4 protein chains.
Amino acid sequence: MAFKRSEKIELHKDEKRKLILETAAAILAQKGYHQTAVKDITDGAGISVGTFYLYFKNKEDLFEKLYDETWKTLRNLNDYALKTDSCSVAKKFSRVIASSIWGYQKFKDLTKIMMIEAVGLNPRFEEKYAQIMRQSVSDIESILEPLKERELIVVFDIKVAATAYIGAIHNVITCWLRGDARSNLCESTLPLVVFLMQALNMDFNVDEIKQSIDEMNEELENDHDLLDIFKN
Amino acid sequence: MAFKRSEKIELHKDEKRKLILETAAAILAQKGYHQTAVKDITDGAGISVGTFYLYFKNKEDLFEKLYDETWKTLRNLNDYALKTDSCSVAKKFSRVIASSIWGYQKFKDLTKIMMIEAVGLNPRFEEKYAQIMRQSVSDIESILEPLKERELIVVFDIKVAATAYIGAIHNVITCWLRGDARSNLCESTLPLVVFLMQALNMDFNVDEIKQSIDEMNEELENDHDLLDIFKN
Amino acid sequence: MAFKRSEKIELHKDEKRKLILETAAAILAQKGYHQTAVKDITDGAGISVGTFYLYFKNKEDLFEKLYDETWKTLRNLNDYALKTDSCSVAKKFSRVIASSIWGYQKFKDLTKIMMIEAVGLNPRFEEKYAQIMRQSVSDIESILEPLKERELIVVFDIKVAATAYIGAIHNVITCWLRGDARSNLCESTLPLVVFLMQALNMDFNVDEIKQSIDEMNEELENDHDLLDIFKN
Amino acid sequence: MAFKRSEKIELHKDEKRKLILETAAAILAQKGYHQTAVKDITDGAGISVGTFYLYFKNKEDLFEKLYDETWKTLRNLNDYALKTDSCSVAKKFSRVIASSIWGYQKFKDLTKIMMIEAVGLNPRFEEKYAQIMRQSVSDIESILEPLKERELIVVFDIKVAATAYIGAIHNVITCWLRGDARSNLCESTLPLVVFLMQALNMDFNVDEIKQSIDEMNEELENDHDLLDIFKN
DNA sequence: CATGAATGAGTCTTCATTCAT
DNA sequence: CATGAATGAAGACTCATTCAT
């Protein structure tokens, strides 16, 4: 009922594709994959079912595109956060976590799809999700490894630590997605970073972290290109 | 037009109900809720469709029963872990985490259903899951609160800490469920507990923790009554 | 929910059969044939499904028995009404109509089953109903025939007149069954008889008719044997 | 996995809807509501099950549409019969009855559905049918009322008379529907009208009535627009 | 490029009937 | 005689996908 586009503006291929993806994101996030019929999406986007199949191979294909692009965007955010003049380790951690959280909040619909809808959707997506998780974990592992060598952190088992680390962040986001959504997720960033710094037994200075987070958020707000998930 | 008394051993109502639940748990965990037809379950359990509906109102009802019983069992495990002669805080934490992990491993199928399948199944279950998560988080909060008062732990924001704490544990389990399943999840218990103790900045002694975990596991292995999830 | 017999009184074959028929009559009249499951009837009668099939071949068989016995009873009533020392024709008509109406009211449940439920149930019952209607009509025809010969009535076409005659009576009853049921059907007897006497252009005296109706009703109220539909 | 553009002539939406309704009318009239599966109707109409649900919400919806349209048509016929330059009361009665009978004969299938199938179908339809009967009766009542005032008819109780009146007509039609169907129902019109005129003790002239009936039938045969029940 | 009517395999669910106990 | 758990055929309805226009 919402999402109804009335005036059929003539759009170019890319714009229409983007329109479908955005509409689908909103509807899928709200109703869930199985509760959403292709017709719901096409009605929402003001196009015909036939047109939908001109842009996507099938319903799962659309979902996969949405999923992949979401993931790509979130990874881009991480890359961006790390692509900074070298600075203290704690600062880097802060930037990455801050950017992730900022992104999840910015793309709430997409995030919900990726973190909640896609889970347990079907064996294919489960594997996809598992792979992504594995990659996330292994990314963190490769960051923790040298830190451990240099005795900047204290961890018992790197793999477990990385998994717990990711889980801590994800759960803060997921709980927010599932209900606290009115509150400001970004306010959780600082406590979360502190929790994780402590978990790794890393030296840190709260003020420095706080500052890094604020800087990161500000940077992100000003670099709009980064965010346009559907660009190109 | 009906009948064919199967050659199977005649089972009593409760046993048959249990048989259906167990069969369903295995199939649902493997194929997923939407990919599993009622007939898959009945075929698996060697009963007719009609019989299924003799024991459960419908497919969702079965799932809900499975879900609720799983959750109840896991909570029982926690209660059991805490129902011990008072001991150090670190020891209690260790026992609870160890028991959870032990339970998840023991009831792999059920756990997968609860932690992966039920997520994003439909609005009703999403809410159910959200409620359980909220309760878990708030349980932890009420444990952390007094510890913080007594300055036994250092946390910036109790709610965020509790959420991160739960997420860390869940993710270790979930990742294991999703692929590492051949490995022994229990080996992750010690590193996980250490990670979390550090995260809370709590004093702890690794050996003591290790010992608590081992004790806990041993106790659990010997108290078989606790485990029979479907018992009466 | 109603109809629940709680104390299992031990009954003899015939009594149990009667119990089932009576329970079925009440439930079928209320919920309709297709909306009533065999289990509804057995629950209502406080017996098991198995027992039901000990007394009746199947659901349709029960219905047929109910149907036939109802019809038999109503015909008995007609016979009884006519089995009187000869009297005026108008009086005879009055007695028959009065007895019918009295019976329909007395056996409201059964009547509803026969006149409403059975209609359009399935081709077999349709034919059965048609046959009964044909017989009713032809009964009336054979009454009207000699009257016409003797010029005591004026009818254009005996068959049409008989059909219309039956229809008039039935509709008064059916409308009552379908809603007016709180009102007293017997009050409609006099106006109905007058309507029909006029329709046949027969000489009649209102007071005499009124008296016949009253007499008939009184007789019926006092002859209880006649009514026990399940007797035999 | 779908399609097979049938070789049938492509029909527009309204035509296809009409095709389904007509097919359904024929099959439902023959087999009865509960004995007819949706697939029977779609097979009969040469369409797929899916298409059926494109045109009707569900099986009951189809039946209701059929029911309502039938009733509307029959009422239209009555209106048409009365929409004539004023004439004698007897003539008006004749025209209305003639038009009804003519319509029932013309729409045999539909009539059977309305008058036989719908009876006792389920509580909803029972009430619907009851309402229609109540309305028919009350229509007749409001016609009889003034006639009684003006002493043009003699009736004892208007409500009973109206009910009997309707019942007489209906039964003539219903009996015909149920078996006499080869014979010509219209031949019953004159005797029926005479029966009813007499029943109301109304003055009438057989020849005039006969003429009115013939005129009515002729008019109806020539006004084809009136009949297309599914038109627009 | 766009449309949307048509398709039909696939699912859940009911319930009359049986028969081992 | 009585029981009621078990059966499975039958039927209503959904929805992703196609293709003639």
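All values reported here derive from a predicted model rather than from experimental measurement. Just the heavy atoms: all of them, side chains too, but no hydrogens, waters or symmetry mates, feed the values below. Residue numbers start from 1 in every chain, and the chains themselves are labelled A, B, ... in the order their sequence lines are given, proteins ahead of strands.
As judged by a 4.0 angstrom heavy-atom cut-off over every strand, T36(B) is placed among residues touching the sugar-phosphate backbone only.
Side-chain N/O atoms of K16(C) include one lying less than 4.0 angstrom from OP1 or OP2 on dA2(F).
In this structure, Q35(C) places its CD atom 13 Å from C1' of dT14(E), rounding to the nearest Å. Going from atom CZ of F63(A) over to atom P of dT17(F) covers 14 Å, rounded to whole Å. Between the NZ atom of K57(B) and the P atom of dC12(E) there is a distance of 16 Å, rounded to whole Å. What separates NE2 of H12(D) from P of dA20(F) is a distance of 18 Å, to the nearest Å. Spacing between atom CG of L54(B) and atom C1' of dT13(E) amounts to 13 Å, rounded to whole angstrom units. Rounded to whole Å, the distance from CD1 on I20(C) to P on dA2(F) is 9 Å. For H34(C) and dG11(F), the NE2 to P distance is 11 Å, given to the nearest whole Å. Taking atom CG of D43(A) as the reference point, atom C1' of dT3(E) lies 13 Å away to the nearest angstrom.
Residue F125(B) is tested with F63(B), W71(B), Y33(B) for a ring-ring contact (aromatic ring centres under 6.0 Å, His included); the sole match is F63(B).
Atom CD of Q30(D) sits in a sparse spot, with 12 or fewer heavy atoms from other residues, nucleotides or ligands closer than 6.0 Å.
If you check dA16(F), dC13(F), dT17(E) against the side chain of Y53(A), the one that comes closest is dA16(F). Here the nucleotide nearest the side chain of S48(A), chosen from dT3(E), dA6(F), dT7(E), is dT3(E). Distances were taken from every side-chain heavy atom of T51(B) (C-beta onward) to each of dT17(F), dA2(F), dA6(F); the shortest belongs to dA6(F). Considering only the side chain of V49(D), dC13(F) comes nearest among dC12(E), dC13(F), dA2(E). Closest to the K59(B) side chain, of the nucleotides dC12(E), dA12(F), dA2(F), is dC12(E). Proximity note for I47(D) (side chain, C-beta onward) versus dT7(E), dA16(E), dC12(E): the nearest is dT7(E).
Put simply, the side chain of E64(B) does not reach to within 4.5 Å of the side chain of F56(B), judged on heavy atoms. In this structure the side chain of M114(B) never reaches within 4.5 angstrom of the side chain of L66(B), judged on heavy atoms.
One finds a salt bridge joining K65(A) and D61(A) here, because a Lys/Arg side-chain nitrogen approaches an Asp/Glu carboxylate oxygen to under 4.0 Å.
Between V38(B) and G50(D), the one whose closest nucleotide on DNA chain E sits nearer the 5' end is G50(D).
In this structure, the separation between CD1 on I113(B) and CD on E69(B) is 11.5 Å, given to the nearest 0.5 Å.
The salt bridge (charged side-chain N to carboxylate O under 4.0 Å, His left out) contacts involving residues 110-123 of chain D comprise E126(C)-K112(D), where partners must be two or more places apart or lie in separate chains.
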field: Nucleotide pairing, DNA chain E (Watson-Crick or G-U, distances under 3.5 Å), in dot-bracket with [ ] and |
entry: .||||||||||||||||||||

